[in-house]
Amino acid sequence: MGKNQSKDSNFIKQGTILAAASVLSRIIGLLYRSPMTAIIGDDSNGLYSYAFEVYSFALILSSYSMPLAVSKLLSAKFAKKEYRNGYHIFKLAMIFATFAGALMMAVIFFAAPSIERFSGYEGLTLPLRVLAPTIFIVAVAGTMRGFFQSRKTMIPTAVSQIIEQIFNAVISIFAAWLFIKLSNTGNRAGMGAAGGTMGTLAGALTGLAFLIFLFIIYMPRMQTHLSHDRGTHTDTASEITKMLAVTILPIILSQAVYQASGIIDGTLFGRLYTGEDKKILVSIYSKYRTLINVPNAISSAMASSMIPTLVSLRAVGNHKAFRAKLAVAVKVNMVIAFPCAVGLTVLGTPIMKMLFPSTDYIISGRMLMFGSIAVVFYALSTITNAALQGLDKMNRPVVHAAVSLAIHVILVALLLKFTNLGIYALLIGAVTFPLVVCILNWISVGRFGNYRQEIKTTFLIPAASSVVMGIVTWLVLLLTTKLLGGSYTANFVSVVICMIVAVAVYFIMIFLFKGLTEKDMPDFPMGLRIAKIARKLRLMR
């Protein structure tokens, strides 16, 4: 592999680092949610989940766009050696993030009682007020992560995410236990949810401290960059403000629409569903969303690492390399997304029983069985969003998400109002929403990027390999369940065995079907190591 090719492939390696960290942090999140739910109960967990929907929406409105926006703008400047303009953008972005984060923190803190009354979830005020300061902290941390990502390194983001999640897990469990102990019958649900959210605040603060430490270390290198500046024009504050607005607003609107679907779902369910088990069902649905988000972390990480590379390639007019990198990113995601979706379909119920034995794992497992295909649709919509941002078509993801949300709201409301589907109405919406987005995104990417995706090895072979994997895994599940019984320990052992078998079968089938070849491996995460194993097993020549 030549020097340039190695450099161009860096986004895959960086994406792999960030994906691994994101998946690890999501797994840590899964592991602590189980004991935390056992401590606070499903009523508190339902409040905890809805509070997070509101918190996430507020985060998007204030600062969620900052890593992507800062990464995109700085990458374009650094590609042209305009270091002074780049660092000036970073400073103004930090000012904006600080102001927006502080403003949204105040809004959520003081509006929490009104949000509780409107949503229909009694006890929501306290967990929202605990989460409010986290918005400010994440705003500052997100801007710093965007700076490091613009330098095409995902390591600071990756490590800070893991540190943040570890502290989140430990503090969440302890605070949940403590708050429940301090609660009484009347406020138990709200206190339990507030204890869980306390860990999020502690984790965000720890992650920010780590990023500040790294930034201080990086400052001498920043001075070196400034001494090699080749810019011929100094961007004014008004020009930078305009650039930030043009970049940030579409990302905010696009992501806000995505997150709004979760809040709208919870609000529609809270108002249209009349059963007394409302909070419990919302809690169960949140577990489905949590599991689905684990593989989605891979596509989100790949998109974050892909944007600086695509922007740099477009800035220098290398459209051929732009299309090549996009093709690699899509294929990597599909090779991972399809087996994840099928695996969750087959192992949904035993996985839920393993992770959340204290709750109704039958319903949540059934949700995974029928709704895991959303993993593929979210992966495609996330990557194509990044492609459109790289093409400077920032408004397209906003329009597509808005169209999908309109369809989503009408569909979910009708299903809740006129059918007996109950919580499964939200499941149908969770699948159709990313499906519509990725279809519309693909049309725009093809049109504006003159891009056509290869179909056979990107979609058909990974899907066929996953189906074979799913059948074999299902047979192994039946056998191990019959031999070991239905206890928690037996179920745990059965799930571990099935996962090992699933990985092995998919690995074999993807090479037997020639979904991956020698030519593909340098561009894949750990591709050279995988190729070495495949050759030893005579799966690749």
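Smallest separation of non-hydrogen atoms from Met334 and Ala379: CE-CB, 3.8 Å. Taking both residues in full, the closest heavy atoms of Ile171 and Ala202 are given as CG1-CB, 3.8 Å, listed atom of the first, atom of the second, then distance. Closest heavy-atom contact between Ala337 and Val375: O-CG1, 3.9 Å. Between Met469 and Gly343, the shortest heavy-atom contact is CE-N, 3.8 Å. Nearest heavy-atom pair, Pro127 versus Thr197, reported as atom, atom and distance to 0.1 Å: O-OG1, 3.7 Å. Smallest separation of non-hydrogen atoms from Gly101 and Ile135: O-CG2, 4.0 Å.
Summarising the geometry, atom CE belonging to Met369 is positioned 8.0 Å from atom OG1 belonging to Thr345; distances are rounded to the nearest 0.5 Å. Atoms CD1 and CG, from Ile173 and Leu178 in turn, are 13.5 Å apart once rounded to the nearest 0.5 Å. Between atom CE of residue Met198 and atom CG of residue Leu126 there is a gap of 8.0 Å, rounded to the nearest 0.5 Å. Expressed to the nearest 0.5 Å, how far CG of Leu368 lies from CD1 of Ile373 amounts to 13.0 Å. The CD1 atom of Ile351 sits 5.0 Å away from atom CG of Leu347, with the distance rounded to the nearest 0.5 Å. The CD1 atom of Ile383 sits 8.5 Å away from atom CG of Leu380, with the distance rounded to the nearest 0.5 Å.
Scanning for ring pair (Phe, Tyr, Trp, His ring centres under 6.0 Å) contacts around Tyr285 gives Tyr288, with sequence neighbours left out. Contacts of Ile497 classified as side-chain contact (heavy atoms from CB on, under 4.5 Å), with partners at least two apart in sequence or in another chain: Val476, Thr480, Val493, Val501. Scanning for ring pair (Phe, Tyr, Trp, His ring centres under 6.0 Å) contacts around Tyr424 gives an empty result, with sequence neighbours left out. Judged as a ring pair (Phe, Tyr, Trp, His ring centres under 6.0 Å), and not counting sequence neighbours, Phe370 has no contacts.
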Donor-acceptor pairs under 3.5 Å, side chain of residues 103-114 to any protein atom, not counting sequence neighbours: which ones?
from, atom 1, to, atom 2, distance (Å)
Ser114, OG, Arg117, NH2, 3.2

Contacts under 3.5 angstrom, residues 398-415 side chains, donor-acceptor by atom type, not counting sequence neighbours:
from, atom 1, to, atom 2, distance (Å)
His400, ND1, Arg396, O, 3.3
His400, ND1, Asn441, OD1, 2.7
His400, NE2, Ser444, OG, 3.3
Ser404, OG, Phe433, O, 2.7
His408, ND1, Gly429, O, 3.1
His408, NE2, Asp265, OD1, 2.7
His408, NE2, Asp265, OD2, 3.3

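Under the 6.0 Å cut-off for aromatic ring centres, Phe174 and Phe179 do not qualify, their centroids lying 6.0 Å or more apart.
Between the side chain of Arg271 and the main chain of Phe118, a donor-acceptor pair closer than 3.5 Å is present. Under the 3.5 Å distance criterion, the side-chain polar atoms of Asn293 are matched with a main-chain donor or acceptor of Arg289. Listed for the Thr384 side chain is a donor-acceptor partner under 3.5 Å among the backbone atoms of Ser381.
In this structure, the side chains of Thr241 and Phe96 stay at 4.5 Å or more apart for every pair of heavy atoms.
Between Phe215 and Phe148, the angle of the ring planes goes over 60°, which puts this pair in the perpendicular group of the 30/60° scheme.
For Phe90, the CZ atom counts as densely surrounded, since its 6.0 Å shell holds more than 12 non-hydrogen atoms of other residues, nucleotides or ligands. Atom CH2 of Trp474 sits in a sparse spot, with 12 or fewer heavy atoms from other residues, nucleotides or ligands closer than 6.0 Å. Within a 6.0 Å sphere centred on CZ of Phe210, heavy atoms belonging to other residues, nucleotides or ligands number more than 12.
Neither side chain, Thr349 nor Arg366, offers a donor N or O lying under 3.5 Å from an acceptor on the other. For the residue pair Thr200 and Thr134, no side-chain donor N or O sits within less than 3.5 Å of a side-chain acceptor on the partner. For the residue pair Thr125 and Glu116, a side-chain donor N or O sits within less than 3.5 Å of a side-chain acceptor on the partner.
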